[in-house]
Protein chains: 2
Amino acid sequence: MNTTPLRLVMNKNLYQRDPQDTELGRKIIQESIKMIDELGFEKFTFKKLAEQIESTEASVYRYFDNKHRLLVYLIAWYWVWLEYRIDFGTQNIESPLKKLEIALDILAQKKVLDPAFPLVDETALFRIVIAESDKTYLTKQVDEDNKEGLFRGFKSLCDKIAGFVKEVNPDFKFPYSLISTALQASHQQLFYSDHLPSLTELGKTNEDVNVANARFLREMVFRSIGK
Amino acid sequence: MNTTPLRLVMNKNLYQRDPQDTELGRKIIQESIKMIDELGFEKFTFKKLAEQIESTEASVYRYFDNKHRLLVYLIAWYWVWLEYRIDFGTQNIESPLKKLEIALDILAQKKVLDPAFPLVDETALFRIVIAESDKTYLTKQVDEDNKEGLFRGFKSLCDKIAGFVKEVNPDFKFPYSLISTALQASHQQLFYSDHLPSLTELGKTNEDVNVANARFLREMVFRSIGK
DNA sequence: CGTTTGTGATAGTAATACTATTATTTAAAA
DNA sequence: TTTTAAATAATAGTATTACTATCACAAACG
């Protein structure tokens with residue numbers, strides 16, 4: 001089966017020059033995902049990246065103002081992608097309960113390569129999201145970054161799922177709080193199961209970590225909203 | 001009313017030389033809390049700290065191997081302090097449900113100066129916890145740091161509250177996951193209400209943010225475990 | 001009284017996160 | 001096809017960071 005290659009539309013403030021437009025830009029995306037995954041964000045530098053893609057630091061700076069912005073771009077891409085997958089998965093579904101279930105499932109699902117986006121290695125990007133996504137907003141410049149709309153992807157996703165919650169139970173007082181908590185938890189629990197296993201049950205049962213994660217999320221969310 | 005000044009016992013791997021032992025060490029703690037709160041962790045450096053306390057970079061390095069370790073120390077101190085407050089608050093309480101309630105309340109409570117620890121500005125430290133605590137473990141060296149026991153404070157706290165959960169409902173499958181999620185959420189929701197308000201209900205009602213936070217946490221935890 | 005211990009003073013280093021300039025290649029417009 | 005503009009490469013340079021190393025001094029301690 002074939003899939004049309006797609007292009008996610010990203011907020012223009014996320015980049016200086018659109019990396020999806022040029023060969024060099026695409027290399028920056030591809031290679032930075034690989035390198036941040038391997039080195040971690042702090043050890044990753046534009047210099048090392050430029051060496052890898054056989055270009056120069058100055059050229060990379062033409063696409064992204066700094067490495068923080070590049071990280072924000074990658075994470076934003078992930079959230080936009082997730083929302084697209086949830087839109088896709090909940091297409092033609094009537095029941096809000098069912099839609100919520102599907103959304104949580106997609107969240108927790110093991111990530112595999114999406115042929116619609118050959119540019120991006122979603123499995124590596126997912127590891128980056130788990131380990132680095134909080135760093136996008138845990139800075140002194142959150143407010144300015146937020147004003148520029150850099151976190152729109154995350155907010156939009158949260159809004160969508162919170163919308164399902166409101167449909168399921170219009171009386172529940174904390175749909176946004178609950179869903180933003182669930183979104184975070186979905187990554188955190190995976191990080192814990194890998195590195196601080198005494199903080200989670202995931203990985204302790206004989207079922208797959210991702211499946212256990214999905215069960216945990218579903219239980220927490222559904223019980224919280226009283227279903 | 002008077003309180004005896006206390007000293008929390010910290011894991012020896014958290015420091016090079018115990019900062020609680022000397023005048024300089026105590027200044028490092030006091031001033032670093034102030035500076036990290038103001039500058040944020042990335043802009044904070046040992047050089048700037050040394051200038052403030054009228055000492056030298058080299059002297060600071062005698063107490064902490066690097067600034068990451070100093071952050072880990074401060075955050076660890078906070079968790080140990082919280083656990084001590086929860087121990088205190090649940091003293092002589094029989095009902096596990098009540099104990100759980102108290103623990104969550106203490107978690108979400110607005111933090112004020114604790115006269116038992118005149119060295120530490122708990123309000124500033126709390127802001128640091130909200131904005132920086134995740135950075136203690138979101139690194140490539142988590143596993144080594146964890147082996148050294150640097151995260152014992154957090155794990156111990158999580159273990160204690162999860163213990164209450166198990167007492168309340170021995171059949172619940174995810175006590176650790178739920179409590180580690182709640183611990184994180186308690187800070188995250190406050191951060192969101194300050195900087196990304198569309199992700200949370202806190203701050204939208206006419207009640208105090210901390211009170212709303214406590215209600216959210218209680219609702220999420222109690223409903224999840226079926227009480 | 002001598003020695004350990006903590007601190008200060010100073011110097012130095014490799015790496016980071018940029019900025020700036022010029023030259024060269026490539027692609028689009030005339 | 002030529003002109004011209006845009007994109008990139010090459011190179012250099014800077015302030016700051018996160019350390020490490022050395023030596024000297026003063027207090028405290030046994």
Side-chain angles (χ1 to χ4, degrees), chain A residues 12 14-32 35-36 38-74 132 135-136 138-141 144-145 150, chain B residues 12-32 35-36 38-74 119 132 135-136 138-141 144-145 150:
Chain A
K12 286 196 182 351
L14 284 164
Y15 50 79
Q16 192 75 20
R17 171 165 303 159
D18 193 334
Q20 304 193 86
D21 276 350
T22 68
E23 193 49 39
L24 181 62
R26 288 186 286 269
K27 265 198 205 163
I28 289 174
I29 298 304
Q30 243 177 335
E31 202 56 41
S32 65
M35 291 186 81
I36 294 175
E38 281 164 11
L39 300 174
F41 183 62
E42 355 291 322
K43 294 260 162 79
F44 165 81
T45 72
F46 277 5
K47 195 175 189 178
K48 291 175 191 166
L49 172 63
E51 272 161 32
Q52 276 293 321
I53 62 180
E54 284 170 312
S55 179
T56 64
E57 242 182 308
S59 301
V60 178
Y61 274 102
R62 278 192 207 96
Y63 286 84
F64 294 98
D65 270 345
N66 51 56
K67 71 170 187 164
H68 183 254
R69 287 283 169 128
L70 171 54
L71 180 66
V72 175
Y73 178 94
L74 295 177
E132 322 283 3
K135 298 172 189 169
T136 57
L138 293 177
T139 69
K140 279 283 166 185
Q141 357 104 40
E144 291 114 79
D145 287 357
L150 304 192
Chain B
K12 286 198 183 349
N13 290 326
L14 285 164
Y15 50 79
Q16 191 75 20
R17 170 165 305 160
D18 192 334
Q20 303 193 87
D21 276 349
T22 69
E23 195 48 41
L24 181 62
R26 287 186 287 268
K27 267 197 203 163
I28 290 174
I29 298 304
Q30 246 177 333
E31 204 55 41
S32 65
M35 292 187 78
I36 295 175
E38 282 164 11
L39 301 175
F41 183 63
E42 355 291 322
K43 294 258 162 78
F44 164 82
T45 71
F46 276 5
K47 196 176 189 176
K48 291 175 190 166
L49 172 63
E51 271 160 31
Q52 274 294 319
I53 60 179
E54 285 171 309
S55 178
T56 62
E57 240 183 309
S59 299
V60 178
Y61 274 103
R62 280 190 203 102
Y63 286 83
F64 294 99
D65 271 344
N66 51 59
K67 71 169 187 165
H68 183 255
R69 286 284 168 127
L70 171 54
L71 180 67
V72 175
Y73 178 94
L74 295 176
L119 182 62
E132 322 284 3
K135 297 172 190 169
T136 57
L138 292 177
T139 69
K140 279 283 167 186
Q141 355 105 40
E144 289 115 78
D145 287 357
L150 304 192

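Letters go in sequence order (proteins before strands), and every chain restarts at 1.
Atom pair B:F64:CZ and D:dT20:C1' shows a separation of 19 Å (rounding to whole Å applied). Rounded to an integer number of Å, the gap from B:R26 CZ to C:dT7 P is 10 Å. Note: CG (A:D21) to P (C:dA27) measures 14 Å, nearest angstrom.
With B:F41 as the aromatic partner, B:K67 meets the cation-pi criteria of under 6.0 angstrom to the ring centre and within 45 degrees of the ring axis.
Under the salt bridge (charged side-chain N to carboxylate O under 4.0 Å, His left out) criterion, B:E42 pairs with B:K135, not counting sequence neighbours. With sequence neighbours excluded, the residues satisfying side-chain contact (heavy atoms from CB on, under 4.5 Å) with A:K48 are A:M35, A:L39, A:K43, A:T45. Listed by chain and number, the residues in a side-chain contact (heavy atoms from CB on, under 4.5 Å) with A:R69 are A:D65, A:N66, A:D145, A:E148, A:L150 (sequence neighbours excluded). Listed by chain and number, the residues in a ring-ring contact (aromatic ring centres under 6.0 Å, His included) with A:Y61 are A:F46 (sequence neighbours excluded). In this view, A:E51 and A:K47 satisfy the side-chain contact (heavy atoms from CB on, under 4.5 Å) rule, not counting sequence neighbours. With sequence neighbours left out, B:Y15 forms a ring-ring contact (aromatic ring centres under 6.0 Å, His included) with no residue at all. The side chain to side chain donor-acceptor pair (under 3.5 Å) search around A:T136 returns none, not counting sequence neighbours.
Counting heavy atoms from C-beta outward, A:S32 and A:F64 have side chains that stay 4.5 Å or more apart.
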For residues 24-31 of chain A, tabulate all N or O donor-acceptor pairs below 3.5 Å that involve a side-chain atom, not counting sequence neighbours.
unit_1	atom_1	unit_2	atom_2	d
A:R26	NH1	A:Q20	O	2.8
A:R26	NH2	A:E23	OE1	3.4

N/O contacts under 3.5 Å, protein versus nucleotides 4-8 of chain D?
unit_1	atom_1	unit_2	atom_2	d
D:dA7	OP2	A:R17	NH2	3.3
D:dT8	OP1	A:Y63	OH	2.9
D:dT8	OP2	A:R17	NH1	3.1
D:dT8	OP2	A:Y63	OH	3.0

Identify each atom pair where a protein N or O and an N or O of nucleotides 24-28 of chain D are less than 3.5 Å apart, giving names and distance.
none

Dump every N/O contact between nucleotides 13-20 of chain C and the protein below 3.5 Å, one line per pair.
unit_1	atom_1	unit_2	atom_2	d
C:dA17	OP1	A:K67	NZ	3.4
C:dC18	O5'	A:Y61	OH	3.0
C:dC18	N4	A:E57	OE1	3.1
C:dC18	N4	A:E57	OE2	3.3

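Between its opening and closing five pairs, the helix from C:dC1-D:dG30 to C:dA30-D:dT1 changes axis direction by 20°, a value rounded to 10 degrees.
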Are A:L70 and A:F44 close enough, and set up right, to give a side-chain contact (heavy atoms from CB on, under 4.5 Å), and what steps lead you there? CA-CA 11 Å; A:L70 171 54; A:F44 165 81; 3.9 Å; yes

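Across B:Y63 and B:P19, no two heavy atoms sit closer than the pair CD2-CA, 3.8 Å. Across A:E132 and A:G40, no two heavy atoms sit closer than the pair OE2-CA, 3.6 Å.
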